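Just so you know, these numbers come straight off a predicted model, no measurement behind them. We number each residue from 1, following the sequence as shown.
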Amino acid sequence: MAAALLANVLYSTGFVLEKRALARLPAVSVREPVRLLWLVLRSPLWVGGALALAAGFGAQLAVYRALPIAAAQGIFVSGLVLLLLLSSRVLGEETSGRERYAIGAILLALLMVVLSLPHGAGSAEAVGAGAPAGVILLVCAPTLAAGLGLYAVTERRAGRRHRMPTAGVEYGVAVGLLYGVSSLAIKGVSGHLPDLARAPGGALLGLLGSPYPYLLLCTGVFGLIMSQAALQRCRASLIVPVCTTVSCVFTAVLGTLAFGEALPGDPVRLALRVAGTVLAVSVLLAMPKHDSPPGPAVPDRPALPSPTPPCPTARS
């Protein structure tokens with residue numbers, strides 16, 4: 001639990017620092033990845049945010065060693081509260097009433113998932129240590145393709161003239177799918193940690209023979225480039241909650257199945273977990289896809305001419 005809360009703080013801080021750094025940089029694009037990386041790596045503020053995210057990655061490894069996937073995702077989503085506070089105080093971002101209701105519904109979905117977890121001594125759910133490579137590839141390969149494809153379509157739409165500015169929901173979903181695959185890869189790597197401590201040589205070969213390091217490399221490279229371009233264009237207070245929710249729902253549902261972690265046996269807890277997942281997905285589909293364009297500027301009223309003073313009457 002302590003590691004999960006620490007990961008929340010590190011991830012929220014990292015995203016806010018990166019967003020603040022990106023606001024000071026020239027416009028970046030996924031079409032110029034080398035230039036993008038060159039610009040961000042020269043920003044000390046951005047590097048600080050990236051280091052915070054890397055530390056959050058380390059804390060996430062510890063979480064997956066001790067908690068089931070669904071339980072971990074429920075705690076990770078709670079970091080959205082801290083992110084919204086930081087984005088409001090540090091970045092000065094404001095959310096609309098509809099977006100606040102949507103985020104409140106996401107937090108309600110989180111509460112339902114948390115209530116579905118077992119409580120009390122001897123009631124812990126089993127923690128999966130590994131998954132067949134074929135199953136992982138079957139789950140992750142289409143997801144990676146879907147995330148990259150959605151991002152490309154969103155980029156094309158955003159480039160059209162006279163199009164309303166995007167709120168970032170599509171960007172958040174696309175990046176969230178990549179980060180969901182990354183979460184499954186982190187979960188897989190965490191299962192190799194005990195073997196790495198006992199027999200480093202053989203365990204390292206086993207890890208390299210699994211798909212997890214390569215999935216991490218792929219999602220790390222593409223996720224970094226895509227997320228920075230999207231984060232510069234859109235509000236962190238919207239794109240990060242969408243990304244986090246997609247990643248957590250994807251990891252909780254497909255990760256639980258892939259790693260063989262049983263769903264709750266109690267009907268009430270099972271209903272809470274399923275309902276929470278459905279609610280989170282429904283909120284994402286209902287969120288506004290565009291920011292409202294700024295209203296037309298009201299021109300200043302011209303000053304009324306002062307009344308002409310009467311001409312003095314000539315004396316006779």
Side-chain angles (χ1 to χ4, degrees), residues 1-23 40 43-95 99-100 102-104 106-111 113-114 117 127 168 172 175-176 178-180 182-187 189-190 193 216 219-220 223-224 227-228 230-232 234-252 255 276 280:
M1 181 69 72
L5 295 177
L6 177 61
N8 282 344
V9 173
L10 291 169
Y11 280 137
S12 298
T13 303
F15 277 122
V16 169
L17 290 178
E18 287 186 346
K19 172 64 177 179
R20 182 141 192 178
L22 288 165
V40 297
S43 169
L45 187 61
W46 186 92
V47 171
L51 291 176
L53 292 177
F57 164 81
Q60 194 174 358
L61 280 174
V63 174
Y64 282 143
R65 285 290 306 143
L67 290 178
I69 289 178
Q73 301 314 306
I75 300 173
F76 288 147
V77 177
S78 66
L80 295 179
V81 178
L82 177 60
L83 173 78
L84 294 175
L85 291 175
L86 289 176
S87 63
S88 174
R89 298 295 182 182
V90 179
L91 303 176
E93 296 182 349
E94 295 183 0
T95 55
E99 290 167 353
R100 286 193 290 271
I103 293 170
I106 288 176
L107 294 178
L108 175 60
L110 160 68
L111 177 62
V113 172
V114 171
L117 302 177
V127 179
V175 177
L178 264 70
Y179 284 165
S182 180
S183 292
L184 293 187
I186 294 173
K187 171 66 175 178
V189 170
S190 71
L193 292 182
L216 275 178
T219 55
L224 172 64
S227 63
Q228 298 312 302
L231 196 59
Q232 188 184 57
C234 310
R235 286 174 287 134
S237 57
L238 183 65
I239 191 172
V240 177
V242 172
C243 174
T244 303
T245 303
V246 171
S247 174
C248 289
V249 170
F250 170 85
T251 307

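Side-chain contact between Val240 and Leu231 is present, with heavy atoms from C-beta onward closer than 4.5 Å.
Every side-chain contact (heavy atoms from CB on, under 4.5 Å) that Ile186 has, sequence neighbours left out, goes to Phe57, Gln60, Leu61, Tyr64, Ser182, Leu216. Here Ser227 pairs with Tyr179 under the side chain to side chain donor-acceptor pair (under 3.5 Å) rule; sequence neighbours left out. Take Leu45 and apply the side-chain contact (heavy atoms from CB on, under 4.5 Å) test, not counting sequence neighbours, and it matches Leu17, Arg20, Ala21, Arg24, Ser43. Ala3 is linked by a side-chain contact (heavy atoms from CB on, under 4.5 Å) to Ala62, Val63, counting only residues two or more places apart in sequence or in another chain. Evaluation of the side-chain contact (heavy atoms from CB on, under 4.5 Å) rule for Ala7 yields Tyr11, Ala59, Phe76 as partners, not counting sequence neighbours. Residues satisfying the side chain to side chain donor-acceptor pair (under 3.5 Å) test with Gln228, not counting sequence neighbours, are Glu18, Trp46.
Between the side chain of Ser12 and the backbone N or O of Asn8, at least one donor-acceptor pair lies under 3.5 Å.
Here the shortest heavy-atom pairing between Ala52 and Leu10 reads O-CB, 3.4 Å. Shown here for Lys19 and Ala236, the closest heavy-atom pair between the two residues is CG-CB, 4.1 Å.
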